[in-house]
Protein chains: 2
Amino acid sequence: MGQGKKTILIVEDDSILSSLIKEYLEKQDYNISTEPRGDCAAYRILEESPDLVILDLMLPGKDGLSVCRDVRSSYKGPILILTAKEDDMDQVAALEMGADDYVKKPVKPRVLLARIRALFRRAQSSPIVNSSEKIKHFGILEIDSSSRVVRLEKEKISLTTLEFDVLWLLASEPGKILSRDHIFNSVKGFDWDGTDRSIDMAISRLRKKLKDSSENPLKIKTIWGSGYLFVEEAWN
Amino acid sequence: MGQGKKTILIVEDDSILSSLIKEYLEKQDYNISTEPRGDCAAYRILEESPDLVILDLMLPGKDGLSVCRDVRSSYKGPILILTAKEDDMDQVAALEMGADDYVKKPVKPRVLLARIRALFRRAQSSPIVNSSEKIKHFGILEIDSSSRVVRLEKEKISLTTLEFDVLWLLASEPGKILSRDHIFNSVKGFDWDGTDRSIDMAISRLRKKLKDSSENPLKIKTIWGSGYLFVEEAWN
DNA sequence: ACATATGTTCAACAGACAATCACAATAAAT
DNA sequence: ATTTATTGTGATTGTCTGTTGAACATATGT
């Protein structure tokens, strides 16, 4: 499930620190992007709408406080200020400006993580409504993503989680070639290592369960050197 | 609990500091009560349900961390830890235990106020989910959250607190995958340690009571590697 | 056409994760 | 303080998924 990971934008001009935090948080299973410039930060926050923003105060282009003020009215996620400035009045100003936390450098990664988690616990945000279609029909095949049930000629087929996810993805774009790379990424949420053949296996097991011949597959075709393709017309 | 003044409970054994903060915050138009003992704190938090709690860690009777853990599942307001302890691990532990902020003494009143305000801002805007809907119907299943009664084909099913909370949460978002992490967090109020299997057990017991087959669950499905999902269509 | 390199399938195995039992620890009730 | 109910834990079993290697298929170069 790709949607699972939370995204965090780190706005920080010290690239060493920035990538240090990035690495640490990536290990904790967050999706991290970084931005060194203050004047680009506001734009990117609104554009990417990350689940959380880590914001430095002293930045080239525009200071963090202004960024915070500028985005606060439209960006609803938590903003965590991370800065070396010692002044208490900055802290007060930032918090009043709409920041949710103010942490002084240097900070232990473990502490930063705990604070991030506390903010997420409170925010609990996920207003992204999945308005896309929940049920797909292709002749004798029916796929229901809210109950995760697949029927073939009205008969229920029991698929595993991975098999279902792959089928749903392919069926979402019938007639289009999807690379292993892309399938892997969409289904697992992280990148393909190039040697993994789990997708091959999932396809193989899917074909068997969907009664598609493997030597001459009509329903899920192999595009040699490119990937796989769901054939819409094959289910009648 | 009216719209008027917000109430804050200060749990702090140093009576000088305690009344200092009390005075300052009263000037800012908050309603303050104080409690010096740790072992009485949990009781008073649940009894008075203040809008926010300021909690010291080193307390007579019972330490603040335990207080935090004990009340977290039923007390939903912000908890701010205010302590002289310097140890980073205490900070991490407190935040993971469900605290919302961790401030080191000594702190300027102005800073404390700013942090309190930031917490209130979040608490207010955080979506209280079930203010409207108190009863859910899914075919033969009926869940009443005001009386905490569950009926299956009109027959009353007796669920434990945890089981009910988990069921209610899942049924609040049918067709959506909820991770153990998320379920644990919502139900207990603090973070999952990664080895705990209480949610698995709750699900297992729920399935049994709701007469869902365990080898091939139709009503509460397992999404391998991700979590669980409530199937709306399975109750007809 | 032939050999060679590269991409794909599949069976069998191994490791990771989940379900469940029986029991221990904890909390609640008496 | 004792009993009872609820929740968490260790061990076991089963299920899902990824890996390996051999066989097979498709493309490329000579």
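Each chain gets a letter, A, B and so on, in the order the sequences are listed, and its residues count up from 1.
In this structure, A:F164 has no ring-ring contact (aromatic ring centres under 6.0 Å, His included) partners at least two apart in sequence or on a different chain. Residues passing the side-chain contact (heavy atoms from CB on, under 4.5 Å) test with A:A171, sequence neighbours excluded: A:K136, A:F138, A:I143, A:F230.
Salt bridge present: B:D70 and B:K62 bring a charged side-chain N and a carboxylate O closer than 4.0 Å. Remark: B:D101 engages A:R115 in a salt bridge, criterion side-chain N to carboxylate O under 4.0 Å.
Not one N or O on the side chain of B:N216 forms a donor-acceptor pair closer than 3.5 Å with the backbone of B:S213. When atom types are taken as modelled, the side chain of B:D191 and the backbone of B:E96 share no donor-acceptor pair closer than 3.5 angstrom.
In this structure, B:S204 does not reach the C:dA19 phosphate: none of its side-chain N or O atoms is under 4.0 Å from OP1 or OP2. Between A:Y228 and C:dT9 there is a side-chain polar atom (N or O) within less than 4.0 angstrom of OP1 or OP2.
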Output, in order, the C-alpha distance, side-chain angles, deciding distance and verdict of side-chain contact (heavy atoms from CB on, under 4.5 Å) for B:M97 and B:R72.
CA-CA 8 Å; B:M97 211 66 103; B:R72 201 19 130 187; over 6 Å; no
Would B:L55 and B:L59 count as a side-chain contact (heavy atoms from CB on, under 4.5 Å) if you check the C-alpha gap in whole Å, the side-chain angles of each, and the deciding distance to 0.1 Å?
CA-CA 9 Å; B:L55 188 59; B:L59 291 165; 4.2 Å; yes
Could you walk me through whether B:Q91 and A:R110 pass the side-chain hydrogen bond (donor to acceptor under 3.5 Å, both in side chains) check?
CA-CA 10 Å; B:Q91 179 170 174; A:R110 194 64 193 76; over 6 Å; no
Please step through side-chain contact (heavy atoms from CB on, under 4.5 Å) for the pair B:W192 and B:N185, ending with a clear verdict.
CA-CA 7 Å; B:W192 189 44; B:N185 244 319; 5.9 Å; no
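From one end of the helix from C:dA1-D:dT30 to C:dT30-D:dA1 to the other, with five pairs defining each end axis, the axis direction shifts by 30° (rounded to 10°).
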Please set out all donor-acceptor pairs under 3.5 angstrom arising from side-chain atoms of residues 218-228 of chain A, sequence neighbours excluded.
from	atom 1	to	atom 2	distance (Å)
A:T222	OG1	A:R207	NH2	2.7
A:Y228	OH	A:R180	NH2	3.0

Compile the donor-acceptor pairs under 3.5 Å between side chains in residues 36-45 of chain B and protein atoms, sequence neighbours left out, one pair per line.
from	atom 1	to	atom 2	distance (Å)
B:R37	NE	B:D39	OD1	3.1
B:R37	NH2	B:D39	OD2	2.9
B:R44	NE	B:E48	OE2	2.7
B:R44	NH1	B:T34	O	2.7
B:R44	NH1	B:E35	OE1	3.1
B:R44	NH2	B:E48	OE2	2.9

Identify every side-chain donor-acceptor pair in residues 17-26 of chain A under 3.5 Å, counting partners at least two apart or on other chains, and give the distances.
from	atom 1	to	atom 2	distance (Å)
A:S19	OG	A:S15	O	3.0
A:S19	OG	A:I16	O	3.2
A:K22	NZ	A:E26	OE2	2.8

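Listed by residue number, the members of residues 215-222 of chain B with any heavy atom below 4.0 angstrom from DNA chain D form an empty set.
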Please list each protein N or O that sits under 3.5 Å from an N or O in nucleotides 4-7 of chain D, with the distance.
from	atom 1	to	atom 2	distance (Å)
D:dT7	OP1	B:L162	N	2.9
D:dT7	OP2	B:T160	OG1	2.2

For nucleotides 28-30 of chain C, list the nitrogen or oxygen atoms of the protein found under 3.5 Å from its nitrogen or oxygen atoms, one pair per line.
none

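A donor-acceptor contact under 3.5 Å links the side chain of A:R197 to the base of C:dT9.
B:Y30 does not carry B:K5 over the face of its six-membered ring by the limits of under 6.0 Å from the centre and within 45° of the normal.
Position along DNA chain C of the nearest nucleotide to B:S213 versus B:R69 favours B:S213 as the more 5'-ward residue. Comparing B:F184 and A:I199, the nucleotide of DNA chain D nearest to each residue sits closer to the 5' end for B:F184.
Sorted by first and then second residue, the pairs that involve residues 144-173 of chain B and meet salt bridge (charged side-chain N to carboxylate O under 4.0 Å, His left out), not counting sequence neighbours, are B:R148-B:D165, B:E163-B:K209, B:E173-B:K176. Under the side-chain hydrogen bond (donor to acceptor under 3.5 Å, both in side chains) criterion, the residue pairs touching residues 74-85 of chain B are B:K85-B:D90, with sequence neighbours excluded.
With distances taken from any side-chain atom of A:K208 to the nucleotides C:dA11, C:dT8, C:dT20, the minimum falls on C:dA11. Across C:dA19, C:dT8, D:dT19, the shortest atom-to-atom separation from the side chain of A:R180 is found for C:dT8. When each of C:dT8, D:dT9, C:dA11 is scored by its nearest atom to the side-chain atoms of A:D200, the top-ranked nucleotide is C:dT8.
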Protein-to-nucleotide contact annotation, 5' to 3' order, nucleotides 23-30 of chain D [B base; S sugar-phosphate only; - none; under 4.0 Å, heavy atom]:
---B----
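For B:D181 and C:dC17, the CG to P distance is 15 Å, given to the nearest whole Å. When rounded to the nearest whole Å, the span between CG of A:L206 and C1' of C:dC10 equals 15 Å. Look at CE on B:M201: it is 10 Å from C1' on D:dT9, rounded to the nearest Å. To the nearest angstrom, C1' of C:dT8 lies 16 Å from CD1 of A:I177.
Between the side chains of B:E232 and A:S146, no donor-acceptor pair of N or O atoms lies under 3.5 Å.
Backbone-only contact: B:R207 has heavy atoms under 4.0 Å from sugar-phosphate atoms and none from a base.
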